[in-house]
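Computed from a prediction, not measured in an experiment: that's the story for all the values here. The analysis underlying the following values was restricted to heavy atoms, covering all of them including side chains, and did not include hydrogens, waters or symmetry mates.
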Amino acid sequence: MTSEKTPAAGAASPGGERPAAPEPPDPIVPETSSAERLALAERYGLTKMGVRPRLWPYVKDVASRWAFIRVLGTATAYARNQNTYLGQLWAVLNPVLNATVYVLIFGLLLDIARGGVENVVAFIVIGVFLFRFVEQSVNGGAQSIAKRSNLIRSLHFPRAVLPISNVMSHLATLFPALVVMCVIVWSSGYMGDHDRVPVTWEWLLLIPAVALLWIFNMGLAFVMARAVAITPDLDNVISFVLRFAMYGSGVIFPVVRYVQELPDGIQVWLGPILEYQPIAVYLYLGRSSLMDEDAFVQDPFMWILGVVWAIVFFVAGFIIFWRGEERYGRD
């Protein structure tokens with residue numbers, strides 16, 4: 001038997017001549033100019049991918065995703081304690097246990113009543129419950145981009161949805177905790193030798209106080225989401241900053257009263273900083289709504305500060321986050 005061999009490609013023909021190389025195809029020339037393509041994109045509402053949109057269209061895009069934000073926030077809140085035996089009950093048990101520890105240590109052992117607080121239990125419980133909302137919003141905002149990288153790379157949506165929905169999830173779990181907080185504050189009037197806590201119309205002021213705190217927390221979440229997305233190492237520092245904020249905001253003891261014992265030169269600048277910084281303002285608004293003490297009366301100036309801090313942090317945080325929109329999910 002004989003076998004026939006096929007000449008290899010590019011091999012010389014029997015006559016010694018190589019076959020001619022194939023002609024390259026003609027270049028594809030678009031039938032429209034760049035100006036016409038831009039006009040078509042603008043006509044049909046198309047935008048470039050991976051480019052930061054303008055601020056006002058971005059705001060409208062985020063506002064149009066409210067249903068998505070609500071569903072994502074609710075699902076996140078439900079999934080947070082889904083794998084535990086007590087489930088969503090932990091949303092209430094965690095702040096209650098934290099408040100119990102601080103009441104036992106600072107209220108009974110260290111006796112913070114020396115700082116001018118009569119109802120120590122109500123003071124600490126309100127501070128712990130409200131500050132926990134701040135703490136969760138900061139930590140959640142810091143992780144909102146890093147933990148949603150798969151979602152960011154699969155769908156096209158404004159990334160501001162993620163920190164907003166995260167704060168929404170913590171707000172959803174805060175509502176039942178606030179009910180428990182009010183019950184503890186009321187029942188604290190039957191403990192110790194101080195006056196009972198009356199339930200008045202001022203308790204309704206807790207609602208706008210929490211609403212302002214929610215807006216402020218969204219601003220913090222925006223800033224932390226941008227900062228940690230750019231520099232992941234900052235995530236390891238957040239717990240230390242929050243610990244400093246807790247002790248410097250009067251969460252478990254009236255820090256401003258202790259500042260008054262410092263030299264006059266330090267009181268002049270340190271006192272106003274500690275008293276009028278945002279977290280201290282919102283704690284004051286919560287305590288003045290529920291506690292019937294001379295140290296926490298309704299102060300219009302503190303309400304004005306609460307509105308100002310909420311607007312400033314939300315607007316500034318949103319703009320800071322928007323400026324890094326094209327980088328999220330790529331770095």
Side-chain angles (χ1 to χ4, degrees), residues 55 58-59 62 69 72-73 76-77 80 94-95 98 126-148 158-175 177-178 208-251 273-286 302-325 327-328:
L55 180 58
Y58 185 75
V59 172
V62 173
I69 294 173
L72 184 60
T76 302
R80 190 171 291 121
N94 275 324
N98 283 333
I126 296 173
V128 170
F129 273 68
L130 295 184
F131 183 78
R132 180 173 172 80
F133 183 33
V134 177
E135 185 180 28
Q136 290 177 327
S137 299
V138 170
N139 287 321
Q143 296 294 325
S144 59
I145 299 297
K147 290 189 175 181
R148 299 282 186 177
R159 310 313 186 200
V161 164
L162 298 178
I164 294 177
S165 65
N166 196 284
V167 178
M168 282 286 296
S169 70
H170 295 300
L171 181 65
T173 58
L174 178 66
F175 285 137
L178 289 179
V210 172
L212 291 175
L213 180 59
W214 169 48
I215 298 173
F216 168 76
N217 285 348
M218 284 193 290
L220 285 181
F222 285 136
V223 174
M224 297 311 303
R226 170 76 188 276
V228 175
I230 296 175
T231 310
D233 291 345
L234 291 177
D235 191 31
N236 297 318
V237 185
I238 293 177
S239 61
F240 300 100
V241 176
L242 286 173
R243 195 174 306 166
F244 178 80
M246 182 182 70
Y247 290 113
S249 301
V251 174
I273 290 177
L274 295 177
E275 185 175 4
Y276 300 128
Q277 53 100 347
I279 299 178
V281 169
Y282 295 118
L283 293 183
Y284 183 93
L285 295 180
M302 298 297 279
W303 282 101
I304 294 174
L305 274 180
V307 173
V308 170
W309 282 129
I311 295 175
V312 168
F313 269 80
F314 180 81
V315 173
F318 187 87
I319 294 176
I320 290 172
F321 184 88
W322 162 74
R323 291 183 64 86
E325 175 74 12
R327 299 182 57 179
Y328 304 134

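Side-chain contact check for Trp303 versus Pro208: some heavy-atom pair is nearer than 4.5 Å. Residues Val62 and Pro158 are in side-chain contact: their nearest non-hydrogen atoms beyond the backbone lie under 4.5 Å apart. No side-chain heavy atom of Ile304 sits less than 4.5 Å from a side-chain heavy atom of Val307. Residues Leu171 and Phe133 meet the side-chain proximity criterion, which asks for heavy atoms closer than 4.5 Å. Within the 4.5 Å cutoff, side-chain heavy atoms of Leu220 are placed close to those of Val134. When side chains are defined from C-beta on, Leu242 does not count as touching Met246, because their heavy atoms never get closer than 4.5 Å. Considering only heavy atoms from C-beta on, Tyr276 comes within 4.5 Å of Met302 through its side chain.
Of all non-hydrogen atoms in His170 and Thr173, the two that sit nearest each other are O-OG1, 2.9 Å. Listed here is the closest heavy atom pair of Ile238 and Ala142: CD1-CB, 3.4 Å. Across all their heavy atoms, Leu130 and Gly286 have their closest contact at CD1-CA, 4.1 Å. Summarising the geometry of Pro278 relative to Phe313, their closest heavy-atom pair is CG-CE1, 3.9 Å, with the distance given to 0.1 Å. Annotation for Leu285 and Gly306: closest pair CD1-CA, 4.4 Å, computed over non-hydrogen atoms. Minimum interatomic distance between Val251 and Val128 (heavy atoms only, all atoms of both residues): CG1-N, 3.8 Å.
Note on ring orientation: taking the six-membered ring where Trp is involved, the planes of Phe318 and Phe222 are perpendicular (angle over 60°, cut-offs 30° and 60°).
For Thr231 (side chain) and Val228 (main-chain N/O), no donor-acceptor pair under 3.5 Å exists by modelled atom type.
Between the CZ atom of Phe131 and the CG atom of Leu283 there is a distance of 8.5 Å, given to the nearest 0.5 Å. Atom OG of Ser144 is separated from atom CZ of Arg159 by 11.5 Å, given to the nearest 0.5 angstrom. Note: Ile164 CD1 to Asn217 CG = 13.0 Å, rounded to the nearest 0.5 Å. With rounding to the nearest 0.5 angstrom, the CG atom of Leu55 is 5.0 Å from the CH2 atom of Trp322. Note that the CH2 atom of Trp214 and the CZ atom of Phe314 stand 8.5 Å from one another [nearest 0.5 Å]. Of the inter-residue distances, the one linking Leu72 atom CG with Leu162 atom CG reads 7.0 Å to the nearest 0.5 angstrom.
Aromatic rings of Tyr58 and Phe321 (six-membered ring for Trp) have centroids beyond the 6.0 Å cut-off, not under it.
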